[in-house]
Amino acid sequence: MSPDCLFCGIVEGSIPSQTIDSDERTVAFMDINPATPGHALVVPRAHSADLLEIAAEDLEATTVAAQRLAVRMKDVLDADGINVLNACGAAAWQTVFHFHLHVIPRFEDDPLKLPWIPRGGDEEEIAAIADKLRT
Ligand code: 5GP
Ligand code: ZN
């Protein structure tokens, strides 16, 4: 529990939410600004700021809970597809600094767009960055 953390407050129950699922390590609830009808968030109960900080066990549990929710969205909401999204860092659109996965049901006619334009990259640059990233 981190004081002043919105999602810790939701996990604890001091901040109201439309909770839809929970287990030993995770809680899932509806996003108040849904990208599509059904947009939900899955968080670990234990506070960690982001993807770089979260413990492997909590990441695993949160991912499995997101999968469970995705299956339910297909069944109950008749979703045509699902996006699972994480924002890590303000530069990557993160606004709440308690790790969370967005689980967004997608519908053939929904208005969401891919946030980048796929176009051929520079092969040398791709290879140079791959060299840097290889461990
Ligand atoms: P981020 O921008 O960090 O990836 O995602 C934070 C998400 O939390 C946003 O989609 C935002 O709509 C949602 N959110 C912000 N405040 C609240 C709140 O008080 N309750 C709920 N349920 N969701 C919230
Ligand atoms: Zn927190």
Side-chain angles (χ1 to χ4, degrees):
M1 168 82 195
S2 176
D4 304 328
C5 172
L6 176 65
F7 289 173
C8 280
I10 288 179
V11 167
E12 189 195 58
S14 58
I15 294 173
S17 74
Q18 290 292 342
T19 299
I20 51 178
D21 189 26
S22 67
D23 61 28
E24 243 176 54
R25 281 186 183 269
T26 72
V27 176
F29 53 90
M30 303 306 287
D31 195 298
I32 45 162
N33 305 302
T36 64
H39 180 176
L41 302 170
V42 188
V43 305
R45 290 180 181 276
H47 180 85
S48 58
D50 60 26
L51 179 67
L52 303 179
E53 226 183 60
I54 187 170
E57 298 78 11
D58 281 333
L59 179 59
E60 185 180 342
T62 307
T63 306
V64 169
Q67 184 194 40
R68 191 161 65 230
L69 203 47
V71 169
R72 196 154 344 127
M73 284 172 178
K74 281 283 243 181
D75 285 354
V76 176
L77 303 181
D78 209 18
D80 298 310
I82 312 282
N83 281 123
V84 175
L85 178 90
N86 169 250
C88 179
W93 307 328
Q94 187 174 8
T95 59
V96 177
F97 290 83
H98 177 130
F99 178 85
H100 50 281
L101 294 177
H102 296 259
V103 186
I104 305 171
R106 300 297 309 275
F107 304 94
E108 298 290 357
D109 59 351
D110 76 38
L112 301 195
K113 297 270 180 255
L114 197 64
W116 68 89
I117 301 164
R119 52 180 149 221
D122 177 331
E123 273 183 37
E124 275 182 26
E125 184 187 46
I126 292 169
I129 295 170
D131 271 345
K132 284 191 193 169
L133 292 175
R134 253 175 224 115
T135 51

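Order of appearance sets the numbers: ligands from 1, and atoms from 1 within every ligand.
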Return the number of protein N, O or S atoms with a distance to the Zn ion (ligand 2) smaller than 2.8 Å.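 Protein N, O or S neighbours of the Zn ion (ligand 2) under 2.8 Å, waters not counted, come to 4.
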
Same cluster for L59 and V27 if Ile/Leu/Val/Met/Phe/Trp/Tyr side chains link at under 4.5 Å?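 Cluster IDs for L59 and V27 differ.
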
Would you say F29 ends up clustered with I15 if hydrophobic residues are merged whenever their side chains have heavy atoms under 4.5 Å apart, either directly or through other cluster members?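 As far as the 4.5 Å side-chain criterion goes, F29 and I15 are connected within one cluster.
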
Reference residue R106; test side-chain hydrogen bond (donor to acceptor under 3.5 Å, both in side chains); the match among N83, T36, D80: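 Output: one option passes, namely N83.
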
Within a strict 4.5 Å, meaning less than it, do heavy atoms of the [X] and [Y] side chains meet?
X	Y	answer
F107	D78	no
K74	P105	no
L112	I104	yes

A quick test of your reading: do over 12 heavy atoms of other residues, nucleotides or ligands sit less than 6.0 Å from CD of Q67?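 Atom CD in Q67 is not packed in, count stays at 12 or less.
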
If you draw a 6.0 Å radius around CD1 in I117, do more than 12 non-hydrogen atoms from other residues or ligands fall strictly inside?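 No - once you tally the heavy atoms of other residues, nucleotides and ligands closer than 6.0 Å, there are 12 at most.
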
Note: D131-R134 ion pair, threshold 4.0 Å (strictly below):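 Yes.
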
Given a heavy-atom cut-off of 4.0 Å, could you list the residues near ligand 1 in chain and number order?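 If the criterion is a heavy atom under 4.0 Å, then ligand 1 touches L6, F7, I10, F29, M30, D31, I32, N33, L41, A87, W93, Q94, T95, V96, H100, H102.
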
